[in-house]
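Written below as structure tokens is the structure these notes are about.
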Amino acid sequence: MARIRLVPWWAAPVLLVLLAFATGCTRPERQPEVTDGDPELGKVAIQRYGCGTCHTIPGVPGAEGRSAQLLFGFADRADIARSAPNTYKNLVTWIQNPQKLDPSTRMPSLNVTEKDARDIATYLLTLRSE
Ligand code: HEC
């Protein structure tokens with residue numbers, strides 16, 4: 001038996017979006033990720049692995065590459081290369097083996113050790129946008 005729908009199915013999501021706009025919370029601040037590496041060692045490791053040949057990374061001398069994303073404000077990004085949510089755990093995985101999160105990515109795996117990946121991820125997650 002057909003029920004008469006008084007409220008269309010899309011009413012709730014539409015109202016939520018309108019409410020979000022009205023209250024100015026369309027871009028909620030990302031909560032800081034809990035990290036366990038050493039950001040200073042991360043900076044040094046970034047130089048050692050040559051991430052800066054492809055990426056521009058603020059705070060890392062010589063990291064001025066332009067063939068891949070500029071990593072300004074990376075901690076505020078919602079995702080890693082549109083492949084996975086930007087969590088600490090995913091970032092450590094990405095740095096060690098990007099193909100694990102996105103088999104078709106152009107970023108090469110650089111044989112980064114677990115320890116170095118943790119330090120690098122910890123550093124990248126200190127980069128907030130202004
Ligand atoms: C040979 C060039 C190259 C090198 C070296 C390289 N990357 Fe990448 N990186 C890329 C490319 C290309 C992408 C974009 C991947 C995609 O969109 O699938 C990327 C994506 C990323 C992203 C996601 C960016 C975003 O905006 O979501 C991070 C974080 C990252 N790389 C970190 C690193 C780190 C840390 C190193 C060093 C250990 C490194 N990369 C070394 C080419 C490189």
Side-chain angles (χ1 to χ4, degrees):
M1 196 176 74
R3 270 179 58 218
I4 297 170
R5 291 206 202 200
L6 294 177
V7 181
W9 64 268
W10 44 264
V14 165
L15 279 177
L16 276 178
V17 169
L18 288 177
L19 191 70
F21 269 110
T23 54
C25 63
T26 47
R27 281 189 58 196
E29 278 283 297
R30 266 173 54 83
Q31 290 300 309
E33 285 285 317
V34 177
T35 54
D36 61 8
D38 179 329
E40 289 306 313
L41 291 180
K43 265 201 246 186
V44 177
I46 286 172
Q47 289 179 278
R48 193 156 19 92
Y49 286 102
C51 313
T53 54
C54 296
H55 296 281
T56 293
I57 308 174
V60 179
E64 290 167 2
R66 300 212 158 245
S67 63
Q69 286 93 330
L70 315 181
L71 300 183
F72 293 99
F74 185 74
D76 293 321
R77 305 264 173 96
D79 58 71
I80 304 167
R82 276 175 263 101
S83 308
N86 184 11
T87 62
Y88 177 58
K89 189 167 167 284
N90 283 343
L91 191 53
V92 172
T93 303
W94 176 268
I95 291 166
Q96 284 196 282
N97 188 355
Q99 278 73 27
K100 215 166 168 179
L101 294 183
D102 178 359
S104 66
T105 183
R106 286 181 300 121
M107 172 154 153
S109 169
L110 298 169
N111 297 316
V112 179
T113 65
E114 170 85 23
K115 162 87 173 76
D116 289 339
R118 287 177 179 275
D119 290 343
I120 293 172
T122 298
Y123 178 66
L124 294 181
L125 289 173
T126 66
L127 302 175
R128 317 289 306 203
S129 35
E130 307 288 292

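Order of listing sets the numbers, starting from 1, for every ligand and every atom in it. Just the heavy atoms: all of them, side chains too, but no hydrogens, waters or symmetry mates, feed the values below.
Taking 2.8 Å as the criterion, M107 counts as a coordinating residue of atom 8 (Fe) of ligand 1, since one of its N, O or S atoms falls below it.
Given atom 22 (C) of ligand 1, the protein heavy atom at minimum distance is W94 NE1, 3.4 Å. The protein heavy atom nearest to atom 7 (N) of ligand 1 is H55 NE2, 2.8 Å. Of all protein heavy atoms, the one lying nearest to atom 27 (O) of ligand 1 is A81 N, 2.6 Å. Protein heavy atom closest to atom 13 (C) of ligand 1, with residue, atom name and distance, is Q69 OE1, 3.4 Å. For atom 15 (C) of ligand 1, the closest non-hydrogen atom on the protein side is T105 OG1, 3.1 Å. Nearest to atom 34 (C) of ligand 1 among the protein's heavy atoms is C51 SG, 3.5 Å. For atom 2 (C) of ligand 1, the nearest non-hydrogen atom of the protein is C54 SG, 1.9 Å.
With a 4.5 Å cut-off on side-chain heavy atoms, K115 and L41 count as touching. Taking 4.5 Å as the limit, some side-chain heavy atom of Y123 sits within range of a side-chain heavy atom of T126.
Between Y88 and E33, the closest heavy-atom pair is N-OE1, 3.0 Å. Here the closest non-hydrogen pair linking P85 and N90 is O-ND2, 2.9 Å.
Between the side chain of H55 and the backbone N or O of G65, no donor-acceptor pair lies under 3.5 Å. Looking only at distances, a side-chain donor or acceptor of N86 sits under 3.5 Å from a matching main-chain atom of F74. A distance-only check finds no donor-acceptor pair linking the side chain of D119 to the backbone of G37 [under 3.5 Å]. Side-chain atoms of R77 come within 3.5 Å of backbone N or O of F72 as a donor-acceptor pair. S109 places a side-chain N or O within donor-acceptor distance of the main-chain N or O of Q96, the cut-off being under 3.5 Å. Not a single donor-acceptor pair under 3.5 Å links the side chain of Q99 to the backbone N or O of R106.
The part of P108 lying near ligand 1 is the side chain, judged by heavy-atom distances below 4.0 Å.
Residue contacts with ligand 1 include L110, since one or more of its heavy atoms lies under 4.0 Å from the ligand.
In summary, the atoms of ligand 1 found under 4.0 Å from a heavy atom of I120, numbered by their order in the structure, are 35 (C). Distances below 4.0 Å separate heavy atoms of I80 from the following atoms of ligand 1: 23 (C), 27 (O). Within the listing of ligand 1, atoms 25 (C), 26 (O) sit less than 4.0 angstrom from a heavy atom of R77. Under a 4.0 Å criterion applied to the non-hydrogen atoms of D79, ligand 1 contributes the atoms 27 (O). Atoms of ligand 1 found under 4.0 Å from any heavy atom of R106, numbered from 1 in the order shown, are 12 (C). Less than 4.0 angstrom separates some heavy atom of A68 from each of these atoms of ligand 1: 9 (N), 10 (C), 11 (C), 12 (C), 42 (C). Those atoms of ligand 1 that come under 4.0 Å of a heavy atom in F74, given as number and element, are 24 (C), 25 (C), 27 (O), 29 (C).
Of the candidates L124, I80, D116, I95 forms a side chain to side chain contact (heavy atoms under 4.5 Å, CB included) with just one, namely L124.
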